[in-house]
Asks: 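Handing you this structure, nothing more for now.
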Amino acid sequence: MFFQIIQGVFTGVEALALLAFAGITLGGSAVGLALSTPLFILFSPILVPATIATTLLTTGFTTSGGLGIVALRIFWKLFK
């Protein structure tokens, strides 16, 4: 019984940490997108750096979503 309580506490803390990382990653990706949009408009003929920046932003959003899904899965398993 005691082991299950400790396991639940650690699982909850882990899920909260992953949700925090997901939020930070999502916020950073949104700020990066907002800051890079004017650059895309000004330097539209330069396709290679635009492609690299878009790939990095997409990776950020994907990482954010993945961390969020893992955290929600942990919460679901915790409360099941």
Asks: For residues 4-13, please give each side-chain donor-acceptor pair under 3.5 Å, one per line with the distance, not counting sequence neighbours.
Replies:
| from | atom 1 | to | atom 2 | distance (Å) |
| --- | --- | --- | --- | --- |
| Thr11 | OG1 | Gln7 | O | 2.7 |

Asks: Within this structure, what is the CD1-CG distance for the pair Ile52 and Leu57, rounded to the nearest 0.5 Å?
Replies: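 Atom-to-atom, Ile52:CD1 and Leu57:CG are 12.0 Å apart.
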Asks: Between Ser64 and Gly60 (side chain of the first, backbone of the second, donor and acceptor by atom type, cut-off under 3.5 Å), is there such a pair?
Replies: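 Checked: no pair found.
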Asks: Do any side-chain atoms of residues 17-32 form donor-acceptor pairs under 3.5 angstrom with protein atoms, and if so which ones, sequence neighbours left out?
Replies:
| from | atom 1 | to | atom 2 | distance (Å) |
| --- | --- | --- | --- | --- |
| Thr25 | OG1 | Phe21 | O | 2.7 |
| Ser29 | OG | Thr25 | O | 3.0 |

Asks: Between Ala71 and Ala15, which heavy-atom pair has the shortest distance, and what is it?
Replies: CB-O, 3.4 Å
